[in-house]
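Worksheet: one structure, shown below.
Note that the structure is a prediction, hence the values are computed from the model and not measured. Numbering of ligands and ligand atoms starts at 1, following listing order.
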Amino acid sequence: MKTLVLSTDNKNKLKEIKEILGDLDIEIMAKSDIYDLDFEVEEDGLTLYDNALKKANAIAERTKYAVLSDDTGLFVNALGGEPGVHSARYASEHDDKKNREKLLKNLEDKEDRSAYFKTQIVLIDEDKNIIPIEGICEGSISKKEKGSQGFGYDSIFIPKGFDKTFAELGVAEKNKISHRAKALENLKNKILEL
Ligand code: IMP
């Protein structure tokens, strides 16, 4: 594998992926680096896998290179796994603060605050083989927001073994233990096996 096209233009994701795969001899390209891939895919799947596959397929149909897509969700056990696949639009589309507030409210009367983040990656190689890879970070939901770094649900998620939220721990610490970091490490191992 010489070139890998990502199904995203998100700068943070691009940076993290480049860092973790840095010592492999692979050119990593954002969606917009490749001719005309300026389209959006509706993330209407029932699972993270459905959405990741849909995004990866949309690009794999248009390029000969290997393609990588990912989808992430926060799964809260006492809420039957919600917000899960709906994490980005739990209360309101792309309004992280409203999403966090809704989650804290729905957990107000619950004892069990355990939760996990899951990142689902789909890699489609040059031969169009579909390779699913995942990473999970277990933890719990705090009683209130804490910390100022990060994004999304970072200020209410406490990873297992820590007493601080992702937003208090900061990006460098988070990137050592996060669901996305684990998924990318698993991806790297998979690529080395190919
Ligand atoms: P995406 O699939 O990476 O776009 O993630 C979907 C949603 O999950 C985002 O809109 C965020 O609200 C949330 N999310 C994903 N990754 C993280 C994370 O590392 N920390 C906090 N929230 C996250």
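Electrostatic pairing of Lys55 and Asp70 does not count as a salt bridge here, judged by no charged N lying under 4.0 Å from a carboxylate O. Using a cut-off of 4.0 Å between Lys/Arg side-chain N and Asp/Glu carboxylate O, Glu145 and Lys97 are scored as salt-bridged.
The 12-atom threshold is exceeded at CG of Asp109, counting heavy atoms of other residues, nucleotides or ligands nearer than 6.0 Å.
At least one donor-acceptor pair under 3.5 Å links the side chain of Ser87 to the backbone N or O of Leu74.
The contact shell of ligand 1, taken as protein residues with any non-hydrogen atom closer than 4.0 angstrom, comprises Lys13, Asp71, Thr72, Ser87, Ala88, Asp96, Phe117, Phe151, Gly152, Tyr153, Asp154, Lys174, His179, Arg180.
Contact of the Pro83 side chain with the Val76 side chain is registered, since non-hydrogen atoms from C-beta on lie closer than 4.5 Å.
Between Phe166 and Phe157, the angle of the ring planes lies from 30° to 60°, which puts this pair in the tilted group.
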